[in-house]
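Bear in mind that the values here come from a model prediction, so they are computed numbers and not experimental data. Just follow the structure's listing: the first ligand is 1, and inside any ligand the first atom is 1. Position 1 is the first residue of the sequence, and the numbers go up from there.
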Amino acid sequence: MASSAPSSSLLLLLLLLIVLLAAAATASSPNRNGYVHLRFYNHERILGSGPNATVVYSVHRTSSSSVSGFGNVYVYDNLLRAGVETDSPIIGRNQGMGVGSSMAENSGLTNFQLVFTAGEYNGSSLALQGLFPVAPLGTLFERAITGGTGKFRLARGYLLTSEVHATNTTLTGQLDAYISFR
Ligand SMILES: *[C@@H]1O[C@H](CO)[C@@H](O)[C@H](O)[C@H]1NC(C)=O
Ligand SMILES: *[C@@H]1O[C@H](CO)[C@@H](O)[C@H](O)[C@H]1NC(C)=O
Ligand SMILES: *[C@@H]1O[C@H](CO)[C@@H](O)[C@H](O)[C@H]1NC(C)=O
């Protein structure tokens with residue numbers, strides 16, 4: 001009988017441990033599948049110089065003036081703003097690269113990161129890729145959200161883009177991100 005007391009208290013301890021582990025697992029996996037639609041604006045300064053919104057050509061292998069000439073590589077760091085106005089609040093940056101990737105059409109493959117620096121998603125980012133067509137203003141096109149960091153871990157979704165304003169040195173796009181995340 002002397003041995004039954006320790007073994008039953010061991011059993012109790014094990015049960016307690018299992019209950020605690022189950023509680024911890026529930027607390028640490030929110031399993032609330034997030035979904036959000038965000039709208040913001042990409043401010044690109046095509047021929048600018050200086051720190052903001054600048055497209056840098058790394059490789060420009062044709063003499064054509066076309067941005068997306070086949071084989072051209074360009075790198076950019078654009079500002080994301082809450083609105084289309086050039087003084088609306090900055091909410092992040094769009095950093096990435098594009099490669100002229102179509103022999104037949106004027107389009108490029110883009111690979112980029114949207115890094116949020118303000119608001120609820122400050123510090124989180126989205127990873128994206130997809131075709132960027134050279135098309136008239138207002139043309140709607142779609143790229144894939146393939147991942148994310150921070151609050152956007154395991155993100156999946158799509159980004160709709162429409163260029164809404166252009167001057168000879170700037171291009172402003174409306175971005176609608178539809179994001180599912182953990
Ligand atoms: C340049 O970027 C900084 C922040 O990175 C911002 O404060 C400033 O307003 C920007 N300037 C322009 C002209 O967009
Ligand atoms: C965003 O987060 C950084 C780092 O935590 C912080 O320094 C910064 O003030 C935040 N920006 C805004 C606009 O909340
Ligand atoms: C861009 O347009 C402005 C007028 O809006 C003009 O003054 C300037 O010369 C143009 N620049 C180029 C490079 O065409």
Side-chain angles (χ1 to χ4, degrees), residues 20-58 67 73-99 108-134 137-182:
L20 282 176
L21 281 176
T26 314
S28 69
S29 68
N31 87 32
R32 282 172 246 108
N33 289 328
Y35 177 80
V36 68
H37 168 211
L38 299 177
R39 170 172 288 183
F40 42 86
Y41 293 82
N42 181 57
H43 288 252
E44 183 157 296
R45 203 167 67 201
I46 303 163
L47 298 174
S49 59
N52 291 348
T54 304
V55 172
V56 179
Y57 292 89
S58 296
V67 166
V73 178
Y74 56 98
V75 180
Y76 64 83
D77 183 356
N78 293 336
L79 284 176
L80 297 175
R81 292 182 184 274
V84 74
E85 306 76 21
T86 52
D87 62 350
S88 76
I90 294 170
I91 59 154
R93 305 194 75 96
N94 169 3
Q95 302 176 320
M97 59 175 292
V99 181
L109 175 66
T110 56
N111 194 331
F112 57 109
Q113 199 84 5
L114 301 180
V115 183
F116 296 96
T117 56
E120 190 183 347
Y121 300 103
N122 184 6
S124 299
S125 74
L126 292 170
L128 300 95
Q129 67 177 34
L131 279 185
F132 186 103
V134 174
L137 275 191
T139 305
L140 195 66
F141 61 98
E142 180 177 342
R143 287 174 287 180
I145 295 171
T146 56
T149 67
K151 288 187 173 166
F152 292 132
R153 276 181 192 164
L154 301 179
R156 285 291 181 271
Y158 58 100
L159 179 77
L160 297 181
T161 301
S162 169
E163 302 300 341
V164 291
H165 183 68
T167 68
N168 57 12
T169 56
T170 67
L171 185 62
T172 308
Q174 177 177 290
L175 273 47
D176 283 284
Y178 299 86
I179 314 155
S180 298
F181 55 100
R182 191 170 77 172

Can you tell me if R93 and T117 form a side-chain donor-acceptor pair at under 3.5 Å? no
Protein heavy atom at shortest distance from atom 8 (C) of ligand 2: N122 ND2, 3.8 Å
In terms of atom number and element, which parts of ligand 2 are under 4.0 angstrom from non-hydrogen atoms of A118? 13 (C)
Check ligand 2 against T117 and write out every atom of the ligand that is under 4.0 Å from a heavy-atom position of the residue. 1 (C), 11 (N), 12 (C), 13 (C)
Would F112 and N94 count as a side-chain contact (heavy atoms from CB on, under 4.5 Å) here? Give the steps. CA-CA 7 Å; F112 57 109; N94 169 3; 3.3 Å; yes
In the complex you have, is [atom] within reach of the protein, judged by whether a heavy-atom distance drops under 4.0 Å?
atom: atom 2 (O) of ligand 2; answer: yes
atom: atom 5 (O) of ligand 2; answer: no
atom: atom 14 (O) of ligand 2; answer: yes

Taking the ring of F132 and the ring of Y74, is the distance between their centroids below 6.0 Å? no
Intermediate values then yes/no, side-chain contact (heavy atoms from CB on, under 4.5 Å), H43 and T170: CA-CA 7 Å; H43 288 252; T170 67; over 6 Å; no
Applying side-chain contact (heavy atoms from CB on, under 4.5 Å) to L175 and L80, what does each step give before you reach the verdict? CA-CA 9 Å; L175 273 47; L80 297 175; 4.1 Å; yes
